[in-house]
Amino acid sequence: MKITNKIIENHGLKLDEYENIKKLLKREPNLLELGIFSAMWNEHCSYKSSRIHLKNLPTKGKHVIQGPGENAGVIDIGDDDAIIFKIESHNHPSYIEPYQGAATGVGGILRDVFTMGARPIALLNSIHFGSPKHLKTKSLLNGVVSGIGGYGNCMGIPTVAGETKFNETYNENILVNAMAVGHAKKDKIFYSKAKGLNKSVVYVGSKTGRDGIHGASMASAEFDENSEEKKPTVQVGDPFTEKLLMEACLELMKDNSIISIQDMGAAGLTSSSVEMASKGELGIELELDKIPCREENMTPYEMMLSESQERMLIILEDGKEAHAKKIFEKWDLDFVIIGKTTNTNNLTLKFNKKVQGEIPIECLASKAPIYNRKWTKKNIQKRKINLKDLKKIKIEDALIKILSSPNHSNKSWITNQYDQNVMCDTVQKSGSDAAILRIHNKDKAIAVSVDSSANYCKSHPITGGKQIVCENWRNLITVGAKPLAITNCLNFGNPENKEIMGEFAECLNGIKEACEFLNYPVVSGNVSFYNGTNKKNIYPTPVIGGVGLIKKLSKPISHKFKKNKSNIILIGKTFGHLEQSCFLRENYSIIEGMPPEINLLNEKNNGESLLKLIDKDLILSAHDISNGGLITTLSEMAMSSNFGAKILKPKKLTNLFKYFFGEDQARYIIEVENNCLSKVKKILADGNIYFEEIGVTQEDNFEIDGDLKISTKELFEINNQWYNNF
Amino acid sequence: MKFSVTVTLKKDVLDPQGKVVKNTLVNMGMNNLKSIRQGKHFEVEVEGNDQSIAEEKVDEMCKKLLVNLIIEDYKINKI
Amino acid sequence: MKFSVTVTLKKDVLDPQGKVVKNTLVNMGMNNLKSIRQGKHFEVEVEGNDQSIAEEKVDEMCKKLLVNLIIEDYKINKI
Amino acid sequence: MKSSVIVFPGSNCDRDIATALEKLQFKNQMVWHKESKLPKSDLIVIPGGFSYGDYLRSGAIAGKSLIIDEVIKAANSGCLILGICNGFQILTETGLLKGTLLRNKNLKFINKDVHIQVINNRTKFTKKYKKDQILNINIAHNEGNYFTDSNHLEKMKDEDLIAFKYCDEIGNKNKNSNPNGSLEDIAGIFNSNKNILGMMPHPERMVDDMISNKDGVNLFLSLLN
Ligand SMILES: Nc1ncnc2c1ncn2[C@@H]1O[C@H](COP(=O)(O)OP(=O)(O)O)[C@@H](O)[C@H]1O
Ligand SMILES: [Mg+2]
């Protein structure tokens with residue numbers, strides 16, 4: 001078949017990229033080879049637009065065992081324990097078919113984690129939808145939530161935290177990011193690097209069908225009106241098979257049979273085999289006749305590009321084949337030796353005893369294109385807001401508006417659809433700043449949280465990038481965990497657009513700066529570009545997933561008020577920054593202005609001091625102040641408990657709206673019992689930490705001295721109604 | 001007026017349920033079973049006397065709710 | 001030889017799925033919908049040329065696995 | 001006391017129940033479903049999870065496995081059998097317990113802590129509880145909506161075969177306190193001999209204060225003596 005320009009374009013390749021392919025091969029590729037190039041050279045697999053920026057992220061640290069570049073990141077949590085985690089996007093498939101898209105997103109990220117030898121212990125997700133008024137939002141939300149639940153529940157892995165946001169820039173392009181966290185023994189971690197010649201390459205798991213052929217190139221292309229018709233065969237998730245695959249892999253991993261192992265994710269058999277060979281600087285030869293196929297008459301092209309789920313590639317030590325086969329048969333899974341490692345440094349594909357395609361591995365990996373795309377600095381939209389120019393409202397009404405808004409409503413409608421308790425190690429689940437998971441049979445735990453701030457990132461990408469890292473860090477601190485490392489999912493628009501590329505570069509700079517300062521390295525991640533339609537791009541939405549360690553689990557800290565008549569202390573300075581706040585957005589639809597500034601030194605000092613207080617067992621509860629400001633944070637602490645609070649008016653900042661709704665960073669609320677108060681104050685003073693005593697807890701009512709009085713029950717109902725009416 | 005709606009997975013779309021059901025039946029000794037695919041069935045009753053209008057209504061229900069057109073096909077029959 | 005098997009809930013058995021589907025459709029404006037019940041559908045292919053033997057096989061599959069006879073009825077059709 | 005936990009492909013609360021049993025001093029062993037012989041045991045537990053992915057009907061396929069014949073034999077000779085969640089569904093599919101578990105009335109998976117009331121505390125499973133005691137306990141299921149015919153319901157009432165009912169924190173039973181729509185708020189039932197208990201809530205999730213509460217402990221302690 002003659003390769004025409006049309007065919008090249010349909011494969012998502014640019015003409016100059018095709019010329020490059022010919023130069024590397026010193027000939028024209030055939031269709032099979034072209035398909036393989038297109039799968040490996042697209043944005044999703046090659047990171048061609050992002051790589052030069054990602055290089056700058058800090059990836060090393062005392063706790064890091066494995067940084068980016070493997071299936072997932074690995075950190076050391078002491079003793080012989082390691083935590084393996086990663087986040088990944090499944091945005092485009094979820095828009096086309098929300099249930100299956102979200103489900104297979106969860107399935108994919110779980111494989112990344114158990115491939116490395118970890119038993120998954122928690123799932124998290126960050127999901128972004130269009131305006132609640134948009135026609136499709138409801139069914140997308142419904143489908144995505146049941147898809148996430150459907151997969152995780154069936155696997156028996158608790159889904160313990162996440163975030164759900166609405167904003168019209170996601171109307172035609174929702175975001176579905178899933179994160180998985182697993183636990184492994186430090187000396188039992190498995191990598192994808194192939195080693196040794198003539199080793200058996202084994203295919204295990206489900207059979208190969210015509211699912212999602214070209215899924216990876218779809219994830220790298222912009223949507224247009226026709227994309228719903230262009231639907232490739234949608235991948236259907238089979239969590240039951242994945243559960244068997246996980247148990248079988250973990251069973252085989254108990255001894256020393258495996259040289260290397262890699263799941264088949266995007267670009268299926270192609271990327272998994274190329275990756276293993278490329279890391280091992282070897283060749284790999286596959287006999288495609290042996291691939292277990294689900295449909296009749298499948299072609300080599302289809303087999304190599306299929307994205308059927310629940311499959312793995314394993315390279316086995318000599319003589320372990322029979323032993324491994326027995327395990328996979330026990331779990332009713334296919335197990336076939338489909339090829340071997342070679343010294344040719346080529347990917348060699350045989351079918352019907354003939355070589356159908358042969359490509360030097362380096363052409364697909366290290367020689368894949370890398371672009372230094374043009375980018376421009378963000379043009380800042382300055383807008384000073386003078387509260388006097390705005391319509392007068394009451395504090396109470398403004399608060400109610402925020403608490404009853406889609407973005408702030410109680411999410412139990414969602415989280416009740418996830419099994420959060422299976423595995424019996426969930427110490428704290430959704431609804432708090434971070435979830436806490438006990439390490440099985442030990443008295444230590446990890447804390448996990450995912451966060452994003454698209455509005456901040458849109459208005460000032462550098463600050464936004466810093467802010468999410470800090471917010472994520474704070475969320476771990478408030479539950480008493482020492483933040484160790486993060487994973488990140490970078491959801492952006494079209495990188496060929498200078499401004500979008502600018503948002504990317506600047507967000508990444510912000511992330512880098514904060515991670516470096518807080519000693520909070522990046523150990524894994526994922527980039528999703530081309531989120532948008534018809535030249536309308538989504539807001540820049542980097543999502544940060546953090547993991548922290550609680551060395552000794554004695555009394556888990558949550559944000560619920562615990563006692564009557566205890567002291568409420570605000571840590572950190574309040575300046576009253578209202579631009580980009582929920583207050584202005586929800587009450588006045590004002591979306592311009594700068595996000596609050598980040599002072600990394602304050603972040604670090606305030607956070608570390610709070611950790612000290614928690615370590616010394618001096619506080620009852622803690623909550624970080626984020627969207628919605630001080631008053632929203634206090635109401636959340638009240639609503640989730642049986643207590644209210646009586647809050648004093650500020651001594652310094654006189655504008656109550658600025659004081660109560662400002663979104664200044666690096667702030668926390670803590671609840672302290674009388675008998676600990678002087679100790680707490682001393683530690684904070686010794687650390688040079690700014691704090692204010694702002695009130696006390698009380699029964700029943702949430703109250704600001706003289707200005708507002710509302711029962712906590714009523715607050716709870718206000719916060720709870722939106723989803724239930726949606 | 002009553003209709004039956006049969007919803008089946010499109011060809012080439014994975015049917016995890018059918019797969020497990022088939023394996024189970026084969027294990028139970030049904031070895032001349034070649035394939036089995038699982039779908040949905042609805043019995044719909046609508047008011048009115050005009051069959052073509054009624055059938056159109058049912059078709060609309062299928063498109064709007066009962067069927068996931070991305071992975072499923074359907075057939076409507078008067079019963 | 002191919003058969004279709006339709007499995008429906010018995011009359012007096014509660015059908016929570018059908019109920020929710022009905023409410024949703026009515027909320028979507030389909031107000032001449034009188035009732036809707038949801039069931040399962042299987043497409044079974046068995047080897048062999050003798051229809052009555054094949055049909056018996058399918059019947060056995062239904063009784064032994066596909067159908068919960070306590071709450072469900074079923075019908076087999078050659079297709 | 002010797003217990004056996006049967007593991008089906010897709011069971012996923014098997015480790016949880018094993019951990020709870022061991023914590024409470026049972027001598028426990030795991031039994032893979034392909035085994036044709038059951039080890040000698042005083043208690044057989046069919047754990048929660050998604051055996052065979054809950055495909056076809058939850059519990060249906062596990063109900064046809066080899067080991068189930070052994071479970072039925074053991075049940076008929078008086079061995080204690082506990083089916084939790086998916087285990088309850090499997091027990092109804094095998095016929096060891098009557099009735100069936102339909103989809104939750106809201107058609108959604110439900111995970112939350114609910115209240116249940118101990119209806120019959122004069123059994124080997126419940127004797128450490130007080131009559132009408134209210135427990136706070138976790139549920140996590142798609143199909144927990146218990147249904148049975150009126151004859152069987154009458155029989156269960158006559159013979160005191162209802163183990164637990166959903167209620168609110170003070171014991172009221174109404175639409176809001178019933179999470180899944182189950183008939184007469186039924187959360188768990190016995191067979192006529194009261195040596196088999198099937199229940200949707202997860203007692204094994206309630207044995208540890210760090211994680212939840214200890215409202216499930218007395219179920220296991222009842223079995224121990
Ligand atoms: N899709 C989801 N999955 C699981 N948990 C969620 C989801 N959406 C929100 N949550 C939970 O709801 C709570 C509130 O979310 P959010 O307002 O984003 O918290 P924060 O501001 O502390 O990051 C958190 O505990 C979060 O884990
Ligand atoms: Mg928080």
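Chain naming here is simple, since letters A, B, ... match the order of the sequence lines and numbering starts at 1 in each. Here the structure is a predicted model, which is why all the values come from computation and not from measurement.
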- [ ] Evaluate the side-chain proximity of D:Asn86 to D:Phe50: yes if any heavy-atom separation is below 4.5 Å, no if none is.
- [x]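 The answer is no, as the side chains (C-beta and beyond) never meet within the 4.5 Å cut-off.
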Neighbour count above 12 (heavy atom, 6.0 Å) for [X] [atom1]:
X        : atom1 : answer
D:Lys112 : NZ    : no
D:Lys131 : NZ    : yes
D:Gln29  : CD    : yes
C:Lys75  : NZ    : no
C:Lys57  : NZ    : yes

Open item on the list: So if I take each residue of residues 138-161 of chain D and look for any heavy atom under 4.5 Å from a heavy atom in chain C, which residues do I end up with?
Closed with: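 Those residues of residues 138-161 of chain D which have a heavy atom under 4.5 Å from chain C are D:Asn145, D:Phe147.
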- [ ] First locate atom SG of D:Cys13, then atom CD of D:Glu204, and finally report the distance between them rounded to the nearest 0.5 Å.
- [x]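 So the gap between those two atoms works out to 5.5 Å.
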Relative to chain D, which segment of [X] carries a heavy atom at a distance below 4.5 Å: side chain, backbone, both, or neither?
X       : value
C:Val13 : both
C:Asp12 : backbone
C:Leu65 : both

TODO: Please say which of D:Ile119, D:Asn120, D:Asp185 ends up in a side chain to side chain contact (heavy atoms under 4.5 Å, CB included) with D:Ile162.
DONE: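 Of D:Ile119, D:Asn120, D:Asp185, side chain to side chain contact (heavy atoms under 4.5 Å, CB included) with D:Ile162 is met by D:Ile119 alone.
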TODO: Report the residue from D:Ile196, D:Thr123, D:Asn195 that forms a side chain to side chain contact (heavy atoms under 4.5 Å, CB included) with D:Phe190.
DONE: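 Testing each of D:Ile196, D:Thr123, D:Asn195 against D:Phe190, the sole residue satisfying side chain to side chain contact (heavy atoms under 4.5 Å, CB included) is D:Thr123.
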Task: Salt bridge present between C:Glu72 and C:Lys10 (N-O < 4.0 angstrom) - done: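 Salt bridge absent between C:Glu72 and C:Lys10.
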Task: Pair C:Glu60 + C:Lys63, salt bridge at N-O below 4.0 Å - done: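 C:Lys63 and C:Glu60: not salt-bridged.
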- [ ] Would you please go through residues 19-50 of chain C and name the residues with a non-hydrogen atom below 4.5 Å from one of chain D, in numerical order?
- [x]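 So far as heavy atoms go, C:Val20, C:Lys40, C:Phe42 are the residues that approach chain D to under 4.5 Å.
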Open item on the list: Looking at chain D, which one of C:Leu66, C:Asn68, C:Ile70 has the largest number of heavy-atom pairs inside 4.5 Å, strictly under?
Closed with: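 Counting heavy-atom pairs under 4.5 Å, the top option is C:Asn68.
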Open item on the list: Using 30° and 60° as the class boundaries, would you call the ring planes of D:His33 and D:Tyr52 parallel, tilted or perpendicular?
Closed with: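 Rings of D:His33 and D:Tyr52: perpendicular, over 60°.
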Open item on the list: Quick check on D:Lys64 against chain C: is it the side chain, the backbone, both or neither that has a heavy atom closer than 4.5 Å?
Closed with: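 D:Lys64 touches chain C through side-chain heavy atoms alone.
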Task: Among the listed options D:Leu183, D:Asn104, D:Thr100, the residue most often paired with chain C at heavy-atom distances under 4.5 Å - done: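 Going by pairs under 4.5 Å, I would pick D:Thr100.
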